[in-house]
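Only heavy atoms go into these numbers, but all of them, side chains included; no hydrogens, no water, no symmetry mates. The sequence lines fix the lettering, A, B, ..., with proteins before strands; numbering per chain opens at 1. On a predicted model such as this, the values are computed, not experimentally measured, just so you know.
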Amino acid sequence: MQSLRFRQIDPGMTLKEIDSEILKYWKDKDILGKILTKGGSKKFVFLEGPPTANGRPHIGHAMTRTIKDIVLRFNTMTDHRIYRRVGGWDCHGLPVELEAEKHFGFHTKSEIINFGVEKFNQYCRESIFRYIDEWKQVDDLIGFSIDHSGDYITLRNDYMESEWFALKTMYENGLLYKDYTVVPYCPRCETSLSSHEVAQGYKDVKDPSVYVRFRSADEDNTYFVAWTTTPWTLPSNEFLVVNPEMEYSLIEVQGSRYYVASSRAGYIFKDYREIRRVKGQDLLGKRYVQLMPFLDAPAGTLRVVAGSFVTSEDGSGIVHAAPAFGADDYQIGKAEGVDILNPVDKNGRFADPGIPWNGRFVRDANDDIIAYLKKNQLLIKSEKYEHSYPFCYRCDTPLLYYPLDAWFIAVSRIRDKLVEYNERINWKPDYLKHGRFGNFLGEAKDWNLSRDRFWGTPLPAWRCRNGHTVFVGSRKEIEDLGGKVPDDLHRPYIDEVKFKCPTCGEEMVREPYVIDTWFDSGSATYAASHYPFERNFDPATDVPVSFITEAIDQTRGWFYVLHVIAAIMFNKNAYESALSINFILDEQGRKMSKSKGNSVYALDFLNQVPPDSLRLFFLYGAPWKSKNLDKKVIDEVSRKTLMTVLNVYSFFAYNANIDNFQYNGLHLSGNPLDRYMVSKTNSFVKASREAYESLDFHEVVRASMEFVDDLSNFYLRLSRRRFWAEGFDEDKQSAYSTLYYALKTFAGVMAPITPFFSDFLYLNLGGGRESVHLDSFPEFEGSLLDEKLENDMDRAYSVIETVRRLRQENSIKGRQPLREILIAGDIDNAVLGVVKSELNAKEIRIIDKEHEPIRLSADLRMEKAAPVLRSKVNAVREKIRSMDGRDLQSQLSENGSVEIEGFKLDPEMVEISRVPDPDYAFSQTEKYGIDVFINRNIDREDYLEGLARELVRRIQVMRKEMNLNYTDRIITYLDLSDDFLEALNRHSEYIKNETQSDSIITDKVDGMKLWEINGEPVRIKIDLAK
RNA sequence: GGGGUUGUAGCUUAGACAGGCUAUAGCACUCGGCUGAUAACCGAGAGGUCACCGGUUCGAAUCCGGUCAACCCCA
């Protein structure tokens, strides 16, 4: 059997089968390998945001990877060489340690130390790649075209060494410092957190809100009203803080006097008498008696001091300050130079025998503390206060603010730079630039870098007992300092490294911290390439990277740390473009979460849904808008695009094989349909290319739907018969090359979004290369664009629609040939010619407006005219109805009015309508105002022809019901009424031809099917001819 | 408490930056039609306070101010 030029598709072939087949083809031919090594004259720098592989990839990950892939594939097809097209894995940090703690059943840090840091870290190292196979499998299935053999891994010595280099650079530039200060602290993990980590874990909670009274030490029976939402900090109170600018009142309530912010007095006390008003300034220095006598107040405390952060919006305008447990409070304690009262241990429990709640977790003691306040008449008011409060983003423990030693990057000092460089970034969506991201930069805080933990990149800082500090920027430097470099740079091995202080000769010991894991991922720009120790990365050309994308939660996560580190290290923005992806919600629009059990894992989903369908769905609507994961929608999108195109291809292949068509360039005849389709195809290329370049991939999907609709339901529908014509003339050649061109262009344009299907289409069309992904993106050719033709075609189509409507209104079926259609308006005759088969009329004429078969009839607009004409209205109306509308109209337009029966009528009082002659039905096209008339008269001849078509139609349906092949011959039995008999006699050749009937027998036989056509019974039976 | 985004038919969605005929289209629904590439298509019907209130304007889904709701972020 001769092999066919174009593969014929089994009509039942599914997308799933296509995608699997192509995936296998790619493997067999190593297409991915060829894509990865494909060159280009322009450079595109890619950077993969590293996930942690200790959890399963979910559907959102599939989406980010799809978008990355679209960008990679598009740039590969547009002559770019992609730099660093590799994956990356984030390995360190609390999430990993937490998994390990769970595994071993540990609850405190000391358990880890007793167990052994070496063994603990060993477990961490093993656990992080638990699901890496699944990640790679998902990448494979979804078609993510990256090179996993070159993945960067943040736990490698090389990677960490690059970070050391950066940290040392920062230290030497004075941007890295150690400080004892109050930081957000997780009492369960026993470590502090950075602001961007804290930002991950806010939750709404109800906390107690208490107003308490501090007794004045100077004035009798006088109190200060202070407000707090953390009663457990009250035993540690050292100061009361007022805003010197604000107004306070001294009031009297039930015999006692209180100082309180004037604007808040009414909220706190129901009945009070104001004695006088004072400025906050006047309260400064006043002394008060300790609220709870459990701890010895340090010297210099228990005074009213000033703080500009105090507001009168809530609370009492007097803030209780416990310097141990608040950032502002700490600054006050520091400024006043007092000792800090900290009765809380690192596990967040009271640890002072003087405190009645000793040993209790502080937040759990709140209720008892409130009871104590009440009992001792210290409480003025207590309520519940709903606000959001930070929780540890990994272990869900409420955070405390706690004083600790910590290392900081002085981000606040480079704030201006951060803001400046942000201006150079192309944000998608653009409002992030000055919204969420820009705002965050504007108030950037110093970055708490050190973690008092085990599994992380060690902070490369060594100190001696004299306080000298050395930052080590490489392994070699350790040797140079006389230390021995361990094989593994992690704890605990690095902790063994000691050397003599270059300044004083004392032994230097490493600071016991690891660093924030966000510093790891934020260093990917350079550390992935082991900069500066290897020469494959040049900040001059490789920063900024061209494009990054991640989910929205990374805006202040990865996007932020990349930006900060690049600003410091390279004085540049880290990336040119950043696209932020919103979440995929479940079918009902709820956020997916493990606890709700509605998470969808990528692998599970990809086993049910073809990857191309899923990829299309991700881009159905802008990626920065959240979407509900709905299989019905997923099906719909691919049905409207890919499945329809598959059918078009199927039609093409079937006929092209019969005609032995071979594509060797576009050969257009004068047929407007072809030139129209080619023009539309080019418009599609242009719009898509622009959309890809501006990262608006969803617009490609939208445009593709319109394109496919045009191709299938307009172009092909009208061109079908041209492909079935006998022989192979110029017109047929033109039609084939147009269809081929449209299909191949579609494959090219859609290749980045639907890589599997596009390649299937491309390969079956004999695209030329081994894969569409190794070919160039379709070029826009301006010479093939014909906007006038596109517009003319639209007009012609609008006429078709109008005729259909008129047929409907006049109960004339589409199969019934019309005697005559008249068209008046701006319409191109040649273009109309190609669509006339849709009109099914014996005669179609384009006429002038003046020759339209209408008369103008005039009438009064009663609502306008009646108030003026009053009782004369009916007489005038009669008169005007009898007038010739044409005359009346010309009079109105010449004179601006017309006089009838002594009344002057304005144009708005007169309605002139167009009434078609009785033979015709009339309508106007909606968009273009083209007048369309159909002749309603059906003569006997045409009527019989219509009946013949009805017969053909019914016989065709029965052929289809019998699943006959196109070429199968039949014998047809008919039992007909008189009209149909006459139609049969008149058109028997036509009917035989259309239905592939060898013979037609008019007789009553068994097994006939009864139809009712135009109210008459028609019985039909068909048999396969022997 | 502050900031950001979103709100268009039962569902999905266009239009909003650059105000202008009857607010776009699809899915689903009803009725009718067309069809030998098609799970397609066409027509009609039904479905809309363009979240709400106010302002600017000859004219507001669109611009401005406020309110509400949802989501996100921050303190």
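Shown for residues 704-717 of chain A: residues whose heavy atoms fall under 4.0 angstrom of RNA chain B, namely Ser712(A), Asn713(A), Leu716(A), Arg717(A).
For the P atom pair drawn from rA9(B) and rG4(B), the interatomic distance equals 26 Å after rounding to whole Å. Atom name P, nucleotides rA25(B) and rA18(B): the rounded distance is 26 Å, in whole Å.
Of the residues near RNA chain B, Lys627(A) and Glu950(A), the one whose nearest nucleotide (by heavy atom distance) lies more toward the 5' end is Lys627(A). Closest-nucleotide positions on RNA chain B for Arg720(A) and Ser626(A) were compared, and the one nearer the 5' end corresponds to Ser626(A).
Ring geometry for Tyr736(A) against Phe723(A) counts as perpendicular: the plane angle is over 60°, on a 0 to 90° scale with 30° as the lower cut. Under the 30°/60° scheme for interplanar angles, the aromatic rings of His987(A) and Tyr990(A) are found to stand perpendicular. Note: Phe757(A) and Phe746(A) have perpendicular aromatic rings, judged against thresholds of 30 and 60 degrees for the angle between ring planes.
As a whole-Å value, the separation of Gln8(A) CD from rU38(B) C1' is 16 Å.
Judged by distance alone, with hydrogens and angles left aside, Arg702(A) brings no side-chain donor or acceptor close enough to the base of rU13(B) to form a pair under 3.5 Å.
Ranking rU35(B), rA37(B), rG4(B) by closeness to the Arg953(A) side chain, first place goes to rU35(B). Among the nucleotides rU12(B), rG3(B), rC72(B), the one closest to the side chain of Asn439(A) is rG3(B). Here the side chain of Lys625(A) is nearest to one of rA14(B), rU5(B), rU38(B), namely rA14(B).
Applying the side-chain hydrogen bond (donor to acceptor under 3.5 Å, both in side chains) test to residues at least two apart or on different chains, the pairs with a partner in residues 697-712 of chain A are Tyr676(A)-Asp710(A), Asp709(A)-Asn713(A).
Tested against His320(A) for a side chain to side chain donor-acceptor pair (under 3.5 Å), the candidates Asp329(A), Thr230(A), Thr233(A) yield a single pass: Thr233(A).
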Walk me through it: do Asp942(A) and Gln816(A) pass the test side chain to side chain donor-acceptor pair (under 3.5 Å)? CA-CA 7 Å; Asp942(A) 293 342; Gln816(A) 176 61 56; 5.8 Å; no
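Atoms CD1 and NZ, from Ile634(A) and Lys627(A) in turn, are 11.0 Å apart once rounded to the nearest 0.5 Å.
Tyr431(A) has its ring centre no less than 6.0 Å from the ring centre of Trp624(A).
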Convert the base pairs of RNA chain B into dot-bracket notation, remembering that pairs crossing earlier ones are written with [ ] and that bases paired across to another strand are shown as |; include only Watson-Crick or G-U pairs under 3.5 Å. (((((((..(((.......[....))).(((((.......))))).....(((((..]....)))))))))))).
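Under the ring pair (Phe, Tyr, Trp, His ring centres under 6.0 Å) criterion, Phe707(A) pairs with Phe684(A), not counting sequence neighbours. Remark: Phe760(A) engages no residue in a ring pair (Phe, Tyr, Trp, His ring centres under 6.0 Å) (not counting sequence neighbours).
Counting only distance, with no hydrogens or angles, the side chain of Arg615(A) and the backbone of Ile753(A) share a donor-acceptor pair below 3.5 Å.
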Protein-proximity profile, nucleotides 26-33 of chain B, B/S/- by nucleotide at the 4.0 Å heavy-atom cutoff, equals SS----B-
